[in-house]
Amino acid sequence: MNTQQPNQTKGSGFKAHFKRIWHRYQLTRWIIVILLSGFLALSGYMTFMAKTANVGNLKAALENPTKIYDRHNKKAGTLYSQKGTYVPLKQISTNVQSAVVSTEDRNFYHEYGFSFKGYARAFFLYAKNKVLRRDYISGGGSTLTQQLAKNAYLSQEQTFTRKFKELFLSIEIENVYSKKDILSMYLNNAYFDNGVWGVQDAAERYFGTTADKLTVPQSAVLAGMLTSPSGYNPIKHPQASRARRNVVLGLMAETGAITSEQAKQYQATALTTSDDYTYKNTYKYPYYFDAVINEAVSKYGLTESEIMNRGYKIYTSLDQSNQSQMQTLFKNDSYFPANASDGTKVQAASIAIDPNTGGVEAVVGGRGKHVFRGYNRATQMQRQPGSTIKPLAVYTPALENGYYYDSELTDKKKSYGTNHYTPGNYGNQYSGKIPMYQALAQSTNAPAVWLLNKIGVDKGYDSVKKFGLPVTKSDKNLALALGGLKTGVSPQQLAQAYTAFANGGTMSSAHYIRKIVDASGNVVVDTQDSAPKTTKVMSAKTAKQMTSMMMGVFNYGTGASAKPYGYTIAGKTGSTEADGDADATRDKWIVGYTPDVVVTTWEGFDNTSDKHHLENVSGTGEGPLFQAEMQGILPNTKGTSFTTKDASTLAKAENSGSDSSDIWDQVQQGIDDAGKTFNNAADKVKSWWEKAKSVVN
């Protein structure tokens, strides 16, 4: 006994000491203050969240689908997600209204958006799940208003935080709308399985009728589906659906919506269904609409749910004629090489951009079945650009650093650097010397690498960065001249880069959205109030010379077979080899432009292998496709002509000494000739100096 006494005394002393400290510092009051402050802060935050949720816009947002408008402000389609055909409450049978209220929230007309009993049950279940280490709420008896708030604004996760947000949003909804409005919004926003939203479409899908003609048993079936749309689907699970219907009929009798005798009669009837629902696909331009949603999410901070369900009006740069004809071409297998032996399709992607604004007019991201917001090769793919990079990495910086469109380049097989990098021309053909415009038009590799080596890789690298392509320091080598990039580029990035040539040296940033207006008419995004995002990449003089050289690509060079009939365009072709095999091609590219439009087309397999590759650089497929695209697009443009001629024509005129009809061209030609003379003289002096140094040494 005595041995335990000290411990008891020690324990009693600690308790007494703790009690004195507790009373001295009034810790009970401090805990109460902290808890109340925390609750006040949280309530303030939740109130602010509810007030800024734009609840006043909810009805208009639910009534209207999000609409997409084209470049001419004409409707191009709609975006549907959690939305069906909206009908006013007077066009919804009172049978449905009674069935839903009796089943889901029988105190709907007597409460203010939430239930004290429901929240008490939610707190109890939350505490129970915490003890069992489950981070969710098993249930809580949400009111119709809370369910509307959850469906319209929140995720479906079962957490205490979401329930708290739901509470404040439901109170705000009750502040703004009448009970009839709330019930109407709920019934039009409820989910009924099979991708069917809203009671009107559900009536057509399951009973072949309209919402205003639903009978009591039919209404009970739909009300019963709300707790488990898939589990009580009357087509998939008729027995479970009938059993649930009878439960709902019993609940309707309890609330007085029908008599007990009527409930028994209805419960004895058979459950019959009739499908008269027709899905209206208004997602007319899937790859373009996907890109619009992606841009709204990534650039303007909207969520997919907001975009699909808030009834926005989104104004874009879409040209419906160009988009339609591009989609039609992609469905025509005759424009593509045959599938691989195992049936794998040759894939492709195309994009058309207005070089003056950067607005994307048309885009198709692949062949075959489209997946909503799936892989878009036109915007997301990263592939080696091949020779399409030569104008960006070699010829533009060369012109900017003293070379001319007809400067003579070395066309020989040469090795460079310690690793003996040795680029080769296609077919292993070399001419010794070649003018720059011809080297570009015929896409010869040796002169391009020789020229990049002359001007310096740094200048080529910096030029490519100016054009907005994703290069890294590992790309700073001579392989850059032939498109040897670590990351690769997308068709959209390449098309954007080429807007600089079509737009006098100024590159326009590619985009889809011009303006977004919410369901109440408030402007959410407006890019029209400011000038397009542009970057000055080169001088107008250089852009003009580059265009004159790239006209030769389609007049007599590698793109001659892809030239649209009756039109003059400029641009570049490109290809990449598959695993070093000159007869196996990984990627084919064509970029073409006028002052009004830039079009980029890519073709290849998603995964290149010995069984999945294009046969050779001159194979069928891309040329006819690009040609058909251009011939469909160009008639829809302003038809602006280039202000220059083909470089080969200019060179012939210069060599023959013919007079120019434009005095300013003559003045410019004189300046260019003087510059060439100076550069030639400088080269000679440099050569003499090198010889002199060698003699001395």
Side-chain angles (χ1 to χ4, degrees), residues 82-87 89 91-109 115 118 121 138-144 146-148 150-151 156 158 183-279:
Q82 298 176 9
K83 190 168 294 186
T85 304
Y86 198 99
V87 292
L89 193 63
Q91 292 182 23
I92 299 176
S93 171
T94 55
N95 295 326
V96 181
Q97 299 177 40
S98 298
V100 170
V101 171
S102 298
T103 307
E104 294 294 308
D105 187 8
R106 61 178 58 186
N107 293 316
F108 173 67
Y109 290 105
S115 167
R121 186 161 53 252
S138 299
S142 294
T143 64
L144 289 181
Q146 287 175 275
Q147 292 182 51
L148 175 62
K150 176 182 67 177
N151 291 338
Q156 300 301 310
Q158 292 289 329
L183 183 57
S184 174
M185 289 187 287
Y186 175 81
L187 291 174
N188 278 287
N189 197 46
Y191 184 56
F192 294 95
D193 201 31
N194 286 327
V196 177
W197 293 84
V199 69
Q200 173 68 16
D201 289 353
E204 294 180 5
R205 177 67 177 84
Y206 298 113
F207 302 111
T209 187
T210 53
D212 61 333
K213 296 178 181 178
L214 287 166
T215 65
V216 172
Q218 290 170 343
S219 299
V221 170
L222 296 184
M225 292 179 70
L226 295 173
T227 56
S228 177
S230 177
Y232 296 124
N233 184 314
I235 296 175
K236 297 177 182 176
H237 308 289
Q239 292 183 344
S241 179
R242 184 182 179 188
R244 177 61 180 167
R245 178 201 69 176
N246 291 346
V247 171
V248 173
L249 290 170
L251 294 173
M252 292 177 72
E254 289 181 12
T255 59
I258 58 176
T259 66
S260 297
E261 190 62 31
Q262 287 175 319
K264 291 178 181 179
Q265 292 176 358
Y266 291 137
Q267 287 170 344
T269 61
L271 192 161
T272 58
T273 59
S274 176
D275 187 359
D276 194 32
Y277 177 69
T278 303
Y279 175 71

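One finds the OH atom of Tyr109 at 5.0 Å from the CG atom of Leu183 (value rounded to the nearest 0.5 Å). Rounding to the nearest 0.5 angstrom, the gap separating the CE atom in Met225 from the CG atom in Asn194 is 7.5 Å. Remark: Arg205 CZ to Ser274 OG distance equals 10.5 Å, nearest 0.5 Å. Rounding to the nearest 0.5 Å gives a distance of 8.5 Å between OH of Tyr86 and CG of Asn189. Distance CG/Leu148 to CG/Leu144: 9.0 Å, rounded to 0.5 Å.
For Gln97 (side chain) and Ile92 (main-chain N/O), a donor-acceptor pair under 3.5 Å exists by modelled atom type. Checked by atom type and distance alone, the side chain of Ser93 pairs as donor or acceptor with a backbone atom of Leu214 at under 3.5 Å. Under a 3.5 Å cut-off, the side chain of Asp201 and the backbone N or O of Val196 do not form any donor-acceptor pair. In this structure, the side chain of Asn188 engages the main chain of Val87 through a donor-acceptor pair within 3.5 Å. Remark: the backbone N or O of Asn95 is not paired with any side-chain donor or acceptor of Ser98 at under 3.5 angstrom.
Counting only residues at least two apart or in different chains, salt bridge (Lys or Arg N to Asp or Glu O under 4.0 Å) contacts with residues 246-265 comprise Arg106-Glu254. Sorted by first and then second residue, the side chain to side chain donor-acceptor pair (under 3.5 Å) pairs involving residues 241-251 (not counting sequence neighbours) are Arg245-Thr269.
Residue Asn233 comes nearest to Tyr206 through the heavy atom pair ND2-OH, 3.5 Å, listed as atom of the first residue, atom of the second, then distance. The shortest heavy-atom contact between Ser102 and Thr255 is OG-OG1, 2.8 Å. The heavy-atom pair separating Ile258 from Tyr266 by the smallest distance is CD1-CD1, 4.3 Å.
None of Tyr232, Tyr191, Tyr186 except one satisfies the side chain to side chain contact (heavy atoms under 4.5 Å, CB included) rule with Leu226; the exception is Tyr186.
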Worksheet item: Which is it for Leu249 and Leu251 under the side-chain contact (heavy atoms from CB on, under 4.5 Å) test, yes or no, and what are the steps along the way?
Response: CA-CA 5 Å; Leu249 290 170; Leu251 294 173; over 6 Å; no
Item to complete: Take Thr209 and Thr215 through the side-chain contact (heavy atoms from CB on, under 4.5 Å) test and state the conclusion after the steps.
Response: CA-CA 10 Å; Thr209 187; Thr215 65; over 6 Å; no
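Lys213 NZ: 12 or fewer foreign heavy atoms inside a 6.0 Å radius.
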